[in-house]
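Contents: one structure, followed by commentary.
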Protein chains: 2
Amino acid sequence: MIDDTDRRLLSAIQTDAQLTAQELGERLNLSASQAGRRRQRLEQSGIVTGARAVVSPEGTGLQVQAFVQVQMATHEPEKVRAFTRIVKTRPQIVSAWTLTGEADYLLRVYCTDLAALHQLIHEVILPIPAVARVQSQIVMDQLKQDAPLPI
Amino acid sequence: MIDDTDRRLLSAIQTDAQLTAQELGERLNLSASQAGRRRQRLEQSGIVTGARAVVSPEGTGLQVQAFVQVQMATHEPEKVRAFTRIVKTRPQIVSAWTLTGEADYLLRVYCTDLAALHQLIHEVILPIPAVARVQSQIVMDQLKQDAPLPI
DNA sequence: GGTGAAATCTACCTAGG
DNA sequence: CCTAGGTAGATTTCACC
């Protein structure tokens, strides 16, 4: 189904999606046409779902990154929906996961400054009825960032 | 420096880095040449740092995603370096952040199954001398994923 | 694995504010 | 003078051999 060459191809394009078929072929010891065909097959089979440009947060004035853990007061479907709707709508919240354990949700947020983060938490998230408790942790340093999946 | 058209361009290519200059121009009401030129300028100025293919974890057999919070027993430079070296080396750990607050580090990990996650925690992370405590939370659902930065 | 037609990018040129 | 639009040569992709 997916062989070792595919795995190396996936690692390569996760680091740089703009590699040409020729460059991919050189890394994988394949001809450009074979490299391009493999990439196309991985896209069509749904293993590669797209490509995203990486934008420097600092370059766009986003100085503060944080993770916000949210514990729910209730799991009533209607109240939870109100929460998820706000999560999906707020642009500062770029990712949101449901987790096992104490914290029900983990949000990844980007803000221009600490005041904006404070405002997001106290004027947007905490007032949501379903929310019981919020704990935010600011990102001080990024040790490793979006490395290719371990495949 | 960076105007509203640039912001819309950045949002667009964060969702789909493979948009052609023509398609970008249609969305932004610009000619293809201008759209291409703006994208190129944003790349050269360092605001756009690259592009990454998005690979489906399930499609490659990675059934378990988790966040691992790590508290350090010490901050001795040498012991911390041993920790960061392992973090950078282990392919299952795709991202790692230093955080304010109780947990010193947050790791994002992908594993084939629960046993592999368990093994990573108990045989790799916990034995590191600098590590005092580890708490892992498994991702049950992804509500929102890598939305464009709020610019 | 290779080839060629079609699509895409991009450097250069021209026009308008 | 700076920004937008157009054009052509070079590059890349992809269907076919």
Side-chain angles (χ1 to χ4, degrees), chain A residues 1-62 91 94 112 145-149 151, chain B residues 1-62 145-151:
Chain A
M1 183 78 83
I2 184 176
D3 65 11
D4 192 60
T5 304
D6 287 326
R7 277 183 267 277
R8 291 199 296 143
L9 192 155
L10 290 170
S11 286
I13 63 176
Q14 282 179 89
T15 304
D16 183 359
Q18 307 193 347
L19 289 168
T20 65
Q22 172 115 40
E23 291 166 324
L24 265 179
E26 286 163 12
R27 297 195 187 196
L28 304 176
N29 282 71
L30 283 174
S31 68
S33 49
Q34 289 298 352
R37 186 174 317 190
R38 275 181 187 262
R39 178 168 53 185
Q40 191 174 341
R41 185 168 57 78
L42 290 165
E43 283 165 6
Q44 285 170 355
S45 68
I47 291 176
V48 175
T49 57
R52 311 201 160 172
V54 182
V55 172
S56 154
E58 297 81 10
T60 57
L62 295 165
V94 298
T112 51
Q145 177 165 316
D146 296 327
L149 296 182
I151 47 184
Chain B
M1 186 71 88
I2 182 175
D3 65 13
D4 193 60
T5 303
D6 287 326
R7 276 183 269 275
R8 292 199 295 143
L9 192 156
L10 290 171
S11 286
I13 63 175
Q14 282 179 90
T15 304
D16 184 0
Q18 307 194 343
L19 288 168
T20 65
Q22 172 120 37
E23 291 166 323
L24 265 179
E26 285 162 13
R27 297 194 185 197
L28 304 176
N29 282 71
L30 280 175
S31 67
S33 49
Q34 288 300 342
R37 186 175 316 189
R38 276 180 187 264
R39 179 168 52 186
Q40 190 175 336
R41 186 168 56 78
L42 290 165
E43 284 165 5
Q44 285 170 354
S45 68
I47 291 176
V48 175
T49 57
R52 311 201 158 178
V54 181
V55 172
S56 155
E58 297 80 10
T60 57
L62 296 164
Q145 178 167 313
D146 296 328
L149 297 182
I151 46 183

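All values derive from a computational prediction rather than experimental measurement.
Heavy-atom distances under 4.0 Å link DNA chain D to Thr20(A), Ala21(A) of residues 17-24 of chain A, given in residue order. Near DNA chain D, meaning a heavy atom under 4.0 Å away, the residues from residues 31-46 of chain B are Ser31(B), Ser33(B), Gln34(B), Arg37(B), Arg38(B).
From Leu19(B), atom CG reaches atom CG of Leu9(B) across 9.0 Å, with rounding to the nearest 0.5 Å. The distance from atom CG of Asp3(B) to atom CZ of Arg8(B), rounded to the nearest 0.5 Å, is 9.5 Å. Between the CD1 atom of Ile47(B) and the CD1 atom of Ile2(B) there is a distance of 4.0 Å, given to the nearest 0.5 Å.
Take Arg41(A) and apply the salt bridge (charged side-chain N to carboxylate O under 4.0 Å, His left out) test, not counting sequence neighbours, and it matches Asp6(A). Every residue was checked against the side chain to side chain contact (heavy atoms under 4.5 Å, CB included) condition with Asn29(B), not counting sequence neighbours, and none meets it. Not counting sequence neighbours, the partners of Ala35(B) by the side chain to side chain contact (heavy atoms under 4.5 Å, CB included) test are Leu24(B). Partners of Asp4(A) under the side chain to side chain donor-acceptor pair (under 3.5 Å) rule, at least two apart in sequence or in another chain, do not exist in this structure. Residues that satisfy the side chain to side chain contact (heavy atoms under 4.5 Å, CB included) test with Gln34(A), not counting sequence neighbours, are Leu30(A), Ser31(A), Arg37(A).
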Report the C-alpha separation of Leu42(A) and Ile13(A) in whole Å, then their side-chain angles, then the decisive distance to 0.1 Å, and conclude whether the side-chain contact (heavy atoms from CB on, under 4.5 Å) test is met.
-> CA-CA 11 Å; Leu42(A) 290 165; Ile13(A) 63 176; 5.7 Å; no

May I have the step-by-step check of side-chain contact (heavy atoms from CB on, under 4.5 Å) for Val54(B) and Arg52(A), ending in yes or no?
-> CA-CA 7 Å; Val54(B) 181; Arg52(A) 311 201 160 172; 3.6 Å; yes

Show the distances under 3.5 angstrom between N or O atoms of the protein and N or O atoms of nucleotides 4-6 of chain C.
none

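Applying the side-chain hydrogen bond (donor to acceptor under 3.5 Å, both in side chains) test to residues at least two apart or on different chains, the pairs with a partner in residues 13-26 of chain B are Thr20(B)-Glu23(B).
On the nucleic acid side, DNA chain D contacts chain A at distances under 4.0 Å to non-hydrogen atoms, with the end points of that region at dT12(D) to dC16(D).
For the pair Thr60(B) (side chain) and Pro57(B) (backbone), a donor-acceptor distance under 3.5 Å is present.
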